[in-house]
Amino acid sequence: MSTIIGIRDAGPTGAVAAAIAAADMNGGIYSPAKEKAAARGVYTGRSQLIRRLRSLVCAAKLKLVVCVFIFSVVVLVTSRLSSVMGWVPLHPNPTTSSRGGGYTVLMNTWKRSSALKQSIGHYASCGGVQAIHVVWTDSEPPSESMKSHLEKMAFSKSQAAKKPNFKFSMSQDDDLNNRFKPIQDLRSDAIFSVDDDVIVPCSTLDLAFTVWQSAPNTMVGFVPRMHWLDKEKSGVEKYTYGGWWSVWWMGTYSLLLPKAAFFHRNYLNLYTNNMPSSIRDYVTRERNCEDIAMSLLVANATGAPPIWVKGKTYEIGSSGMSSMKRHSKRRNKCLNDFISLFGRMPLVPTNVKAVDARLEWFW
């Protein structure tokens, strides 16, 4: 009799045996592929969770880095603004920097009656305007009927409950320094210096005023310019004055022109009474560059750059000094002569621009 010995496989053990048993109990069929897929599913879910947690941690770290960077920039700017290097320390009282929540429009005019009327009508309609002060630089004084008409226009165009004050300032001498004379009985600390042929929309003006309130020692405006070192010979540095296209090309600026800019009213007193008289004499003699002198004055007092606000501005005049020939050469000469009279280069370059976040994409 032959004996047949059947050899049976020991069979699966451990987790596999448990899987077979579970399959048998549920009436299913065990499959090694199914078992591997089940195990893979557990680990895949776990790895996805880990990857997601890692991405969240990375995002949190990135946000932390960005916040630290922004905080550092704010601290740096604040510290630089607090360091005063002018002839007379300038420390506007923070509690009165936005006194009344408004500002005074200081408008310079020169033989452009139609532009003056349009500008006064526009700025009177802006809600933040508390006063309009017109500096008349024409040698012939305005007629009484014209002054009366402009005052009525400022009153009628205003939509504020408290109508803006309206004043004319006239001088016997035809001097560009007159546009920066101190003004008595001001309601506000903020001055918006503007030429009579420059229109800034009210909403854009409100944005710039808000920016100025955060840094009342500096100049905040819409017309940037720049400078750069041209050459140095025998220890004497020569600089070049760059217009708008230089700013656009380089993405850098170092001064703002007060043809459309906010600054603290204390600078009117500094310009008239504390700035070297040789600079004012230069402006009187050359009939030019009082705007560069004011920019140098503010930079010298703060040791910090101005703040350029992005926004549309419109020029309604058809002529002016900037359209004359040799304008760039004269501005170069003014810049270098003023630096010599100041005794130093106070301008600080920057590429920071203030924008309205509601109109920009942030990523």
Side-chain angles (χ1 to χ4, degrees), residues 66-83 90 92 94 97-99 101-106 122-123 126-129 188-195 198-227 242-267 291 294-299 301-315 346-363:
V66 172
C67 291
V68 171
F69 174 77
I70 293 175
F71 178 77
S72 301
V73 171
V74 171
V75 170
L76 176 62
V77 172
T78 304
S79 63
R80 297 199 69 173
L81 287 177
S82 63
S83 61
L90 178 65
S97 291
S98 57
R99 181 180 1 183
Y103 49 89
T104 296
V105 174
L106 180 59
H122 167 71
Y123 289 111
C126 296
V129 175
S188 64
D189 286 336
I191 299 291
F192 179 63
S193 175
V194 64
D195 286 354
V198 177
I199 297 292
V200 181
C202 295
S203 58
T204 305
L205 203 57
D206 290 341
L207 171 63
F209 179 53
T210 302
V211 174
W212 178 85
Q213 286 177 304
S214 68
N217 281 358
T218 193
M219 187 180 290
V220 176
F222 303 96
V223 188
R225 297 293 185 262
M226 68 174 295
H227 79 283
W244 161 246
W245 291 112
S246 298
V247 175
W248 179 84
W249 181 257
M250 302 295 293
T252 302
Y253 65 99
S254 55
L255 65 156
L256 293 173
L257 300 186
K259 65 183 297 181
F262 281 96
F263 55 77
H264 197 281
R265 66 173 181 169
N266 285 1
Y267 286 116
D291 49 359
M294 177 57 87
S295 289
L296 289 168
L297 170 71
V298 177
T302 62
I307 302 176
W308 174 22
V309 177
K310 182 180 179 180
K312 292 284 187 180
T313 61
Y314 304 92
E315 295 199 21
L347 297 177
V348 179
T350 183
N351 54 15
V352 173
K353 183 192 299 183
V355 299
D356 189 340
R358 296 169 297 180
L359 305 177
E360 299 287 332
W361 285 99
F362 283 93
W363 297 95

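Heavy-atom basis, side chains included; hydrogens, waters and symmetry copies ignored.
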Considering residues, nucleotides and ligands other than W248, do more than 12 of their heavy atoms fall under 6.0 Å from its CH2? no

Inter-residue atom distance Q213.CD - D189.CG, 0.5 Å rounding: 10.5 Å

Contact summary for G102 and S188, nearest pair of heavy atoms: O-CB, 3.4 Å

In Å and rounded to the nearest 0.5 Å, what is the OH to OG1 distance from Y253 to T350? 5.0 Å

Determine the minimum heavy-atom distance between G311 and T204, stating which atoms define it. CA-CG2, 3.8 Å

Hey, could you give me the CD1/OG distance between I307 and S214, rounded to the nearest 0.5 Å? 5.5 Å

Which atoms form the tightest heavy-atom contact between H227 and P349, and what is the distance? CE1-CG, 4.2 Å

Stepwise side-chain contact (heavy atoms from CB on, under 4.5 Å) check, W244 with V223: CA-CA 8 Å; W244 161 246; V223 188; over 6 Å; no

In terms of relative ring orientation, are F209 and W212 parallel, tilted or perpendicular, with 30° and 60° separating the classes? parallel

F262 and side chain to side chain contact (heavy atoms under 4.5 Å, CB included): which partner among V211, L205, V309? L205

Can you tell me how far apart CG (L106) and CZ (R265) are? Round to the nearest 0.5 Å. 13.0 Å

Can you tell me how far CG of N266 sits from CG of N217, rounded to the nearest 0.5 angstrom? 8.5 Å

When every non-hydrogen atom of S254 is compared with those of P306, the smallest separation belongs to O-CD, 3.6 Å

For the atom pair CE (M226) and OG (S246), what is the distance rounded to the nearest 0.5 Å? 6.0 Å

Donor-acceptor pair, T313 side chain versus V200 backbone, under 3.5 Å? no

Parallel, tilted or perpendicular, as decided by the 30° and 60° cut-offs, for the rings of F192 and F222: perpendicular

Side-chain heavy-atom pair M219, Y267 within 4.5 angstrom cut-off: no

Using the side-chain contact (heavy atoms from CB on, under 4.5 Å) criterion, which residues pair with D291? Sequence neighbours excluded. L257, P258, R331

Provide the closest heavy-atom pair for V198 versus Y123 in the form atom of the first, atom of the second, distance. O-OH, 2.7 Å

